[in-house]
Amino acid sequence: MNVERSELLAGIGHDALWALIEGRHGDPFSILGPHESGGMTVVRVYLPGAEAVDLIEAASGRVVTPFSIAHPSGLFAAATAARMGYRLRIQWPDGEQVTEDPYSFGLLLGELDLHLISEGTHYSLSRTLGAVAMSVDGVAGVRFAVWAPNARRVSVVGDFNAWDGRRNPMRLRQSAGVWELFVPRLAPGERYKFEIVDAHGTCLPQKADPVARASEAAPSTASIVASSTPFRWTDDAWMRGRSRQERLEGAISVYEVHAGSWLRDQKDGNRSLDWVELSQRLVPYAREMGFTHIELLPIMEHPFGGSWGYQPLGLFAPTGRYGTPEDFAYFVDRCHGAGIGVILDWVPAHFPTDVWGLARFDGTALYEHEDPREGFHRDWNTLIYNLGRNEVKGFLIASALEWLERYHVDGLRVDAVASMLYRDYSRNAGDWIPNQYGGRENLEAVEFFKHLNSIIHERCPHAITVAEESTAWPGVTKPPTEGGLGFDIKWNMGWMHDSLSYIEKDPVYRSYHHGTMTFGMIYAYSERFMLPISHDEVVYGKGSLLTKMPGDDWQKFANLRSYLAFMWGHPGKKLLFMGSEVAQPGEWNHDASVSWDVLDRPAHVGIQRLVKDLNGLYGEEAALQFGDFHPEGFEWATADDSVNSVLGMLRYAPDHSSSVLVVANFTPVPRYGYRIGVPRDGVWIERITTDAPEYGGSGLVNGAVSSEPIPAHGRPVSLSLALPPLATVFLMGPSP
């Protein structure tokens, strides 16, 4: 059709045209795409840099008409007598492209999706926002959607449009502040970001997608369109296995791992292993060592490797450092195949200030608080999520569910819970804003945790949540229906600090600090606790576990053996950071590897064998599991022998069907004929002594010990034991 330029631009004002050309127009669909005008269909496309464009009939492939240049900046327009399905044939300086017109597609997101996003209750957010490979009207491509309610214009940019924000401006769905666009003929693997013009007309640095499911490996920062093809899982039996409560009642022994430094390939530039390699090396090792779970330091995408993942910006994307999302899923699948659960560190407390990330995402404090007294962590130079905003709460909860549902992860360990619960956390007077009642409690965070844990336990009955909470906040592991936060387990930071403080002291002084080792049992059943010897205890000049121990080399190893065995005998689930199980001499270095070469030395092999045997005994003996959470499963055998620095614990299975006596001698002096009362008459069998030669000890063992009718410690019968120096022994009681 021969149509005048004025007819091709009919109804478009001068200002609107210039806004489109300058990349400021907030409603590109009002100009671009097909429009009925004067009894004909006018199609407009904005393709800066294109040399020519033809309109092609989709059904036949014939050329209907060439486009006219409606504006020299790159606006093309064509008219047809009737509306039809069409494609564009675009001549670029370096080649030809045939594609559907992104502006020929209708609304993409449903009203229910938009409503749930606004309410903060869209729990499958990565299937709605972000980049979703899909077909629309039979055309394959990628649907992009992003929440940016205060932006004037949002465009998706990538290699597919030369990172030119003018080429693919998005449509605003006003009710939710969500921008959307379907770009045909894109496929998984494409790099992209969002280019945002704020309310004042300022073009912000291009932003990574907050809901991206894949990202470039650092230091690159682009998001990547992830595959929408479901991973082929082989862990059905695992996922249908024991319930969350059954898992909590059993043995939980966690091997905490930084994926990038567990083992490095020295022959290949000291690189980290990828997920496939870790599934081949780490998984069988953890299984052989008897750990029930691998807990990974945060593997969500993070810009700075030196943060160990604790400053993440991609809460939906496994970091590209170790492979693709499918590779990570494969790793989890292999863990489950080996009978090992996977726990991920997850960080909802704060996020880094990188300009391409969440900070002032649409030109306003969108994810964070505007006031730095609420929105800025001075300790970490990070921003704090605004949990008073529905969309932000929904974003975080959807992230948690992403790992549990899409990747079959078995639990989340939530980092820095205390920093979220208190408005004055690490702040001076006047540097924080009280809550509505004038208090220091962060009421929004309290409700967030209750909501988070309730939703996780409803939707993911297999999953556990673990809180790193370092204060005495009440009810961390109580259900929300009882006023608690709803976590399953809390890290026992008090026990960790107290016990390490004790064991670091020269044995000659330990008698004066005896209560340090018994104090934890005063509150042991106020929560469901895990005993953590984590990465935080072996970095930043704190030394390794081995170097914390006093004395000469023999005493250091003996102290460490005794301490680890006492930890395994003490009520509470167990967590040990990688390298500690081989008595690594140096503190953890995230740029290096665990010092596996120490296994050339018998003393280190002994520690490793001890941890393996402790895990084995813990896993098979109900008496070492039941008292973790139930007070009727524990009592002191002896708690007041400070003079000899001896501690004795009795652990019971349900109904006292079996029992284990754990006795620790924290001095280098052997105690012969040490009498300790026991609840049952008969033969007690020594199952583990850390002084055994195979662990590197001196070989003072008890073997089988018969009780004697001599009362002790308020019990009618007792044992006469040989307590080795700096050692802990486990004895199994006779059957009832």
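Positions are given from 1 along the sequence. These numbers come from the heavy atoms of this one structure, side chains and all, not from hydrogens, waters or symmetry mates. The shown structure was predicted, so the numbers you read here are calculated from the model rather than taken from an experiment.
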Margin query: Assess, by modelled atom type and distance only, whether the side chains of K393 and T121 contain a donor and an acceptor separated by less than 3.5 Å.
Written below: no
Next item on the list: Could you tell me whether a side-chain N or O of D327 sits under 3.5 Å from a main-chain N or O of T324, the two making a donor and an acceptor?
Entry: yes
Next item on the list: Go through the steps to decide whether F331 and L296 satisfy the test side-chain contact (heavy atoms from CB on, under 4.5 Å), and finish with yes or no.
Entry: CA-CA 12 Å; F331 171 80; L296 296 170; 4.0 Å; yes
Margin query: Could you check, using the six-membered ring where one of them is a Trp, whether F328 and Y322 have ring centers closer than 6.0 angstrom?
Written below: no
Check: With a 4.5 Å heavy-atom cut-off, do I21 and R166 have their side chains touching?
Finding: no
Check: Where do T471 and K490 come nearest, in terms of heavy atoms and distance?
Finding: O-NZ, 2.7 Å
Margin query: Going by the rule ring pair (Phe, Tyr, Trp, His ring centres under 6.0 Å), which residues pair with Y310 if we only count those two or more places apart in sequence or in a different chain?
Written below: H535
Note to self: Looking at E405 and R127, is any side-chain nitrogen of the basic one under 4.0 Å from a carboxylate oxygen of the acidic one?
What the structure shows: no
Item checked: Reported CG-to-CZ distance for the pair L20 and R44, which is rounded to 0.5 angstrom -> 10.0 Å
Next item on the list: Could you check whether the rings of H408 and W233 sit parallel, tilted or perpendicular, using 30° and 60° as the cut-offs?
Entry: parallel
Item checked: Reported CD-to-CG distance for the pair E195 and N168, which is rounded to 0.5 angstrom -> 11.0 Å
Checklist line | Side-chain donor or acceptor of S419 paired with backbone N/O of A416 under 3.5 Å | finding: yes
Note to self: To the closest 0.5 Å, what do you measure between OG1 (T382) and NE2 (H350)?
What the structure shows: 5.0 Å
Check: Would you say the side chain of I90 lies within less than 4.5 Å of the side chain of T99, judging by non-hydrogen atoms?
Finding: yes
Margin query: side-chain contact (heavy atoms from CB on, under 4.5 Å), that's the test. Do V45 and D101 meet it? Break it down for me.
Written below: CA-CA 8 Å; V45 295; D101 181 3; 3.9 Å; yes
Check: Any cation-pi pair here, R321 with W308, using under 6.0 Å and within 45°?
Finding: no
Check: Donor-acceptor pair, R143 side chain versus T128 backbone, under 3.5 Å?
Finding: yes
Checklist line | Heavy-atom neighbours of Q174 CD exceed 12 at 6.0 Å | finding: no
Checklist line | Expected output: side-chain D488 to main-chain T465 donor-acceptor under 3.5 Å | finding: yes
Checklist line | Option passing salt bridge (charged side-chain N to carboxylate O under 4.0 Å, His left out) with D159 (candidates R191, K193, R167) | finding: R191
Margin query: Could you go through M134 and L108, starting from their C-alpha distance and side-chain angles, then the distance that decides it, and tell me whether this counts as side-chain contact (heavy atoms from CB on, under 4.5 Å)?
Written below: CA-CA 11 Å; M134 62 190 308; L108 301 172; over 6 Å; no
Next item on the list: Verify whether one side chain among W163 and Q206 offers a donor that lies under 3.5 Å from an acceptor in the other.
Entry: no
Next item on the list: Please determine, by modelled atom types, if R153 and S155 share a side-chain donor-acceptor pair under 3.5 angstrom.
Entry: yes
Item checked: F144 and F194 aromatic ring geometry - parallel, tilted or perpendicular at 30°/60° bounds -> perpendicular
Note to self: Measuring from atom CG of L315 to atom CE of M300, what distance do you get when rounded to the nearest 0.5 angstrom?
What the structure shows: 7.5 Å
Next item on the list: Starting from the C-alpha separation in whole Å, work towards a yes-or-no answer on side chain to side chain donor-acceptor pair (under 3.5 Å) for R406 and S126.
Entry: CA-CA 10 Å; R406 185 185 295 274; S126 69; 3.1 Å; yes
Next item on the list: Identify the heavy atoms of R264 and G260 that sit nearest to each other, and give their distance.
Entry: NE-O, 3.1 Å
Margin query: Looking at every heavy atom in both Y192 and I224, which two are closest together, and how far apart are they?
Written below: CE2-C, 3.6 Å
Next item on the list: Could you walk me through whether Y367 and N386 pass side chain to side chain donor-acceptor pair (under 3.5 Å), step by step?
Entry: CA-CA 6 Å; Y367 288 88; N386 181 357; over 6 Å; no
Check: Any side-chain heavy atom of V156 within less than 4.5 Å of one from V183?
Finding: yes
Item checked: Donor-acceptor under 3.5 Å (D198 side chain, G201 main chain) -> yes
Next item on the list: Spell out, as yes or no, whether a donor-acceptor pair under 3.5 Å connects the side chain of N435 to the backbone of E441.
Entry: yes
Notebook entry, point to check: So do L172 and E180 actually touch side chain to side chain, heavy atoms under 4.5 Å?
Noted result: no
Check: Atom OG in S118, atom CZ in R389: separation rounded to 0.5 Å?
Finding: 10.0 Å
Next item on the list: Spell out, as yes or no, whether a donor-acceptor pair under 3.5 Å connects the side chain of S307 to the backbone of G309.
Entry: yes
Item checked: Nearest heavy-atom neighbours spanning Y103 and P169 -> OH-O, 2.7 Å
Item checked: Between D113 and H122: side-chain donor-acceptor atoms closer than 3.5 Å -> yes
Item checked: R413 to W346, cation-pi by 6.0 Å centre distance and 45° axis angle -> no
Next item on the list: Say whether, by atom type as modelled, one donor and one acceptor occur between the side chain of N428 and the main chain of D431 under 3.5 angstrom.
Entry: no
Margin query: A side-chain contact here means heavy atoms from C-beta on lying under 4.5 Å apart; do M578 and S261 qualify?
Written below: yes
Checklist line | Aromatic F29 / basic R171 pairing, under 6.0 angstrom, 45° off normal | finding: yes
Check: How about E368 and R360: do any of their side-chain heavy atoms sit closer than 4.5 Å?
Finding: yes
Checklist line | Aromatic centroids of W588 and F577 separated by under 6.0 Å | finding: yes
Checklist line | Results of side-chain contact (heavy atoms from CB on, under 4.5 Å) for A226 - residues two or more places apart only | finding: R213, A214
Check: Salt bridge check: are D333 and R232 linked by an N-O gap of less than 4.0 Å?
Finding: no
Note to self: Would the distance check show the side chain of E469 and the main-chain N or O of V476 forming a donor-acceptor pair, the cut-off being under 3.5 Å?
What the structure shows: no
Item checked: Pair N442-Y422, side-chain contact (heavy atoms from CB on, under 4.5 Å): steps then yes or no -> CA-CA 5 Å; N442 189 323; Y422 298 96; over 6 Å; no
Next item on the list: Find out whether Q311 and H302 are in side-chain contact, i.e. whether some heavy atom of one side chain is under 4.5 Å from a heavy atom of the other.
Entry: no
Item checked: A463 to I456 - nearest heavy-atom pair and separation -> CB-CG2, 4.2 Å
Item checked: Shortest non-hydrogen contact between W356 and P303, atoms and distance -> CZ2-CB, 3.6 Å
Item checked: Side-chain heavy-atom pair V409, I343 within 4.5 angstrom cut-off -> no
Checklist line | D424/R440 salt bridge by N-O under 4.0 Å criterion | finding: yes
Checklist line | F316/F395 aromatic ring centres below 6.0 Å | finding: yes
Notebook entry, point to check: Taking atom OH of Y385 and atom NE2 of H369, what is their separation to the nearest 0.5 Å?
Noted result: 12.0 Å
Notebook entry, point to check: Between D137 (side chain) and V139 (backbone), is there a donor-acceptor pair under 3.5 Å?
Noted result: no
Next item on the list: Could you tell me whether R423 and E444 make a salt bridge, using a distance below 4.0 angstrom between a side-chain N and a carboxylate O?
Entry: yes
